[in-house]
Each structure stands twice: as structure tokens, then as C-alpha cells.
Amino acid sequence: MKMIVTGGAGFIGSNFVQYEVKNHPEDEIINLDLLTYAGNLESVKPVENAPNYRFVRGDIADREFIFRLFEEEKPDVIVNFAAESHVDRSITDPEIFVRTNVVGTTTLLDACRKYGIKRYHQVSTDEVYGDLPLDRPDLFFTEETPLHTSSPYSSAKASADLFVMAYHRTYGLPVTISRCSNNYGPYHFPEKLIPLVISRALNDEEIPVYGKGENVRDWLYVTDHCSAIDLVVRKGREGEVYNIGGHNERTNLDVVKTILKALNKPESLIKYVTDRPGHDLRYAMDPTKIETELGWKPEYTFDTGIPVTIQWYLDNKEWWEHIVNGEYTKYFDNMYGKRLENA
Ligand code: NAD
Ligand code: TYD
């Protein structure tokens, strides 16, 4: 089968491309990515010469380009990771989130309608369900939890999900959606919490913690997300949504302190900064459906995944050092300059 993976030069997409190329040598994997600030071909280096792998640069929201690609390639499966993915950036500049996450998705769906497809899979997020209160640890997101978004990022992702389901119902397109909790692991761009803490702590730099650091995220090691998507794409039922998560809830402060301890760095590096506007309190997934229906099980817990992740950042300094030393320095100053002053 021929699979187009969009956003395959980003964090999760590059891990997924590597997973598919290695585990399915019988399949042809085309990595389609625009290479925005978040896309990096260094992240797919281990498979770049594999016979069943190819890279194509392009924009999922460019209709002419996408239709031409479908005409030429006649793909069997699309797995759509391509997105603007950072909540803080969506607060500063929402428009690109609508273009990529919504228009990009509908463009791909229209191409699937025109050229036919065996499966369109949308990679979505737990953030479409909004947040849960901190004092109700008994509550979890299920696939039936209503969509109730907080940020421009999650609103654009939820909107895309609604279009995917509408194309299933209206045009009978064979779709699936997976919604995953926060990922961490190799090739994670250092603007996100875990790689930001690792890279800054290694450089003895201040670590910005939003508000009181009491917000809770449900962390999943990235290859466990990849194995779940692989199962949904190949065995999941058309028109269904599958939640993915491994019951690894931690407060942000716990995450930061765990990493500082592992790196033998002092907690005095922590700097409390002005909170993110609209900051979701708690995410927590109920993955019962994918576990019982498809037999998915994560390989890592937070306690086993974090040391592996830290070791990867120690062994692959080159990968992240040129990011944190380049354009990203400007981003950090813009995003945090005021917040650090106001804290
Ligand atoms: P990322 O920002 O690391 O990567 C996004 C990739 O998409 C980049 O390679 C970028 O170049 C590419 N891209 C952006 N705009 C494009 C366009 N118009 N056309 C083609 N390519 C484009 O994101 P990520 O963290 O790997 O997330 C991937 C997907 O998984 C997203 O859809 C995100 O919503 C979802 N998700 C992420 C998490 C998480 O914790 N990171 C959790 C659940 C779901
Ligand atoms: P992030 O990695 O941006 O993922 P998301 O917002 O999609 O969950 O942030 C994870 C949590 O960490 C979130 O509650 C915001 C918080 N955070 C900080 O406290 N400091 C930081 O510098 C960043 C990037 C995030």
C-alpha cells in the first residue's frame, strides 16, 4: 500500500515515518511536509535512504499542489499530522492555525473525495475536549465527551475533526480520528515543555513555569502514540474516534522537578511566569476503547520514558543545539521577555 504521511518532518510525524518505514517494509511511505519552523529533515535521517521512503516538500493547504500529487501518486492511505501545533503561538497568531489545521485538512479531504482513498486518518488531540477540573481526579475524557475548546489551536483542531466526520457522513469517506494526550520523546521541538526544560537546564538557563505549575497533563511516550495510530489506520473501524493515552498524569511542576533531579540541576532554575491566557487545567484520557477493541498497550510509563528521553537529548545535542541557537532565540525572547519581567 502507498501511504502519504503529512507533517512527517515534525515531532510525532517523524517518529511515525520511522516506525512505518521500519515495521512495514512492504508499504511505500511518502513524507509530505512544508518544512515550516517545526519541520526538520534531520528528524528522518535514519530512514532517508530506505527503499520504501520518499520526501516531498509541499503545503497541505495548496489545493493545486495537493490535487496534482494525488493524481500522480494515487495514494491508498493518508495520515494527516501536518499542523500548527503550539498553543502559545496560536494565542499570538491564530490565522495560520485556521489555514493549516482547518483549510489544510479540508483540502486533503477534497482530494480524497476526488481521487478515492482506502483510509483517511486524522491525527487529533485531547485538547478538543477542553479541560477537566483539578479537584475531580475521577473524571476522564472519553470519545463521547463533547468538544469544548479553549485555545485557537484546539479550536482549529476540533473544527478539522468536525469536517472529517462530516465528510464521512455526507460523502461516505472512509475516515478515522485518533485523539492523543501530550507526547514526549526524541525529536520534540524545544518550544514545548519537556524538551524546553531539558535543553535549558543543560545550559543552566531559567525555566519558565506558567502560573503556579499546578496544571496537569497526561504524558505519553511518542512511539506508543505511533503504535496506536498504526493500529487505528490498519484495524480501526471507519467513522470511529479512538482516544489514546497511558494514564500518566503529572503536574507541570512535577515534570520540571523530575527532569531537574535527573540532570542533577538545582530547582532554583525554576522561574514562575505570568500564566498562559485560557490555560487548560487538566487533561486526562480514557483509552479503554482502543485497548479493548484493538488491543493497544503502551510500552512506556512516564517513569520509564523520561530517562530514555533525557538520554536521547544528551546523545543528540547537535539536533537541538542548532535550533536553540538559531531563529528560536528570537522566538524565546519575544514569547517570554514580557512574562519574565511581569512575574
Ligand atoms: P510539530 O509542530 O512538531 O510538526 C508539525 C509538522 O507539520 C512540521 O513538520 C511542519 O513543517 C508541518 N507543517 C506545518 N504546516 C504545514 C503545511 N501547511 N503543509 C505541510 N506540512 C506542514 O507537531 P507535532 O507535535 O508533531 O504534532 C503533530 C500532530 O499531532 C498535530 O496534528 C498535532 O495537533 C497532533 N498532536 C500533537 C500532540 C503533542 O503532544 N505534540 C498530542 C496530540 C496530538
Ligand atoms: P506544552 O508543551 O506547550 O503543551 P500543551 O500546552 O499543548 O499541553 O505545555 C505543556 C504544559 O506546560 C502546559 O500546561 C503549559 C506549560 N508550560 C510551562 O509551564 N512553561 C513553558 O515554558 C511551556 C512551553 C509550557
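Numbers here are sequence positions counted from 1. As the structure lists them, so they are numbered: ligands from 1, and atoms in each ligand from 1.
Contact check for Arg234 versus Arg119: no side-chain heavy atoms found under the 4.5 Å cut-off. Residues Arg282 and Asp131 fail the side-chain proximity criterion, which asks for heavy atoms closer than 4.5 Å. Residues Arg99 and Asp59 form a side-chain contact, since some pair of their non-hydrogen atoms from C-beta on lies under 4.5 Å apart.
Under 4.0 angstrom from ligand 1, the non-hydrogen atoms of Tyr153 all belong to its side chain. Both the backbone and the side chain of Thr36 come within 4.0 Å of ligand 1, counting heavy atoms alone. At a heavy-atom distance under 4.0 Å, only side-chain atoms of Lys157, from C-beta outward, approach ligand 1. Residue contacts with ligand 1, taken as heavy atom pairs separated by less than 4.0 Å, do not involve Ser14 at all.
The nearest heavy-atom contact from the protein to atom 11 (O) of ligand 1 is Asp33 OD1, 2.6 Å. The nearest heavy-atom contact from the protein to atom 30 (O) of ligand 1 is Val123 CG1, 3.5 Å. Scanning all protein heavy atoms for the shortest distance to atom 41 (N) of ligand 1 gives Ile12 CD1, 3.6 Å.
Under a 4.0 Å heavy-atom criterion, Gly104 is not in contact with ligand 1. The closest approach between any non-hydrogen atom of Tyr187 and ligand 1 is not below 4.0 Å. At least one heavy atom of Leu35 sits under 4.0 Å from some atom of ligand 1. For the pair Ser124 and ligand 1, a heavy-atom separation below 4.0 Å is found.
The list of ring pair (Phe, Tyr, Trp, His ring centres under 6.0 Å) pairs with a residue in residues 17-53, not counting sequence neighbours, reads Tyr37-Phe189.
One option in Ala160, Ala83, Ser85, Gly7 has a heavy atom closer to atom 5 (C) of ligand 1 than any other, and that option is Ala83. With distances taken over non-hydrogen atoms, the option nearest atom 18 (N) of ligand 1 out of Asp59, Val44, Leu32 is Asp59.
Within the listing of ligand 1, atoms 7 (O), 20 (C), 21 (N), 22 (C) sit less than 4.0 angstrom from a heavy atom of Ala82.
For the salt bridge (Lys or Arg N to Asp or Glu O under 4.0 Å) criterion with Arg54, the lone passing option out of Glu48, Glu28, Glu72 is Glu28.
Here Ser14 contributes atom OG and Asp33 contributes atom CG; the two are 9.5 Å apart, rounded to the nearest 0.5 Å.
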Show me the short polar-atom pairs for ligand 2: any N or O of it lying under 3.5 Å from a protein N or O, with distances only.
| from | atom 1 | to | atom 2 | distance (Å) |
| --- | --- | --- | --- | --- |
| ligand 2 | 2 (O) | Leu193 | N | 2.9 |
| ligand 2 | 3 (O) | Arg276 | NH2 | 3.1 |
| ligand 2 | 4 (O) | Asn182 | ND2 | 3.4 |
| ligand 2 | 6 (O) | Arg276 | NH1 | 2.5 |
| ligand 2 | 6 (O) | Arg276 | NH2 | 3.3 |
| ligand 2 | 7 (O) | Glu127 | OE2 | 2.6 |
| ligand 2 | 8 (O) | Asn182 | ND2 | 2.9 |
| ligand 2 | 8 (O) | Arg217 | NE | 2.7 |
| ligand 2 | 12 (O) | Asn252 | ND2 | 3.3 |
| ligand 2 | 14 (O) | Arg217 | NH2 | 3.2 |
| ligand 2 | 14 (O) | Asn252 | ND2 | 2.9 |
| ligand 2 | 14 (O) | His279 | NE2 | 2.7 |
| ligand 2 | 19 (O) | Tyr210 | N | 2.9 |
| ligand 2 | 20 (N) | Pro208 | O | 2.7 |
| ligand 2 | 22 (O) | Pro208 | O | 3.3 |
| ligand 2 | 22 (O) | Tyr336 | OH | 2.8 |

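Taking a cutoff of 4.0 Å between a charged side-chain nitrogen and a carboxylate oxygen, Arg237 and Glu240 qualify as a salt bridge.
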